[in-house]
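Since the structure comes first, as structure tokens, the remarks are kept for the end.
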Amino acid sequence: MRYDRSSDTQRDRKRDHLIRTAEWVLAQAYRTARREEILASQLRVRRSVVREIHRRGR
């Protein structure tokens with residue numbers, strides 16, 4: 001059976017779109033935020049990413 005790469009390509013496109021959208025949303029939010037708010041937000045994002053990495057590693 002031949003491996004279908006179209007699903008991988010579509011998954012990659014969706015992931016890239018999601019990342020670009022998240023970056024845009026954060027840029028809009030950070031535009032008017034105070035430094036403390038930005039640092040707190042970055043810490044929350046970092047914790048969320050680490051939690052997701054551990055969850056997927058199981």
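In this chain, residues are counted from 1 in sequence order.
- Rounded to the nearest 0.5 angstrom, Arg55 CZ and Ile53 CD1 are separated by 11.5 Å.
- Ile38 contributes atom CD1, which lies 14.0 Å from atom CG of Leu43 (distance to the nearest 0.5 angstrom).
- Leu39 contributes atom CG, which lies 7.5 Å from atom CD of Glu36 (distance to the nearest 0.5 angstrom).
- The distance from the CZ atom of Arg20 to the NE2 atom of His17 is 7.0 Å, given to the nearest 0.5 Å.
- No donor-acceptor pair under 3.5 Å is formed between the side chain of Ser48 and the backbone N or O of Arg44.
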inquiry  = Please determine whether salt bridge (Lys or Arg N to Asp or Glu O under 4.0 Å) holds for the pair Asp16 and Arg13, giving the CA-CA distance in whole Å, both sets of side-chain angles, and the decisive distance to 0.1 Å.
reply    = CA-CA 5 Å; Asp16 292 344; Arg13 267 193 248 125; over 6 Å; no
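- Under a 4.0 Å N-O distance rule, the pair Asp8/Arg11 qualifies as a salt bridge.
- Within 6.0 Å of CZ in Arg47 there are 12 or fewer heavy atoms belonging to other residues, nucleotides or ligands.
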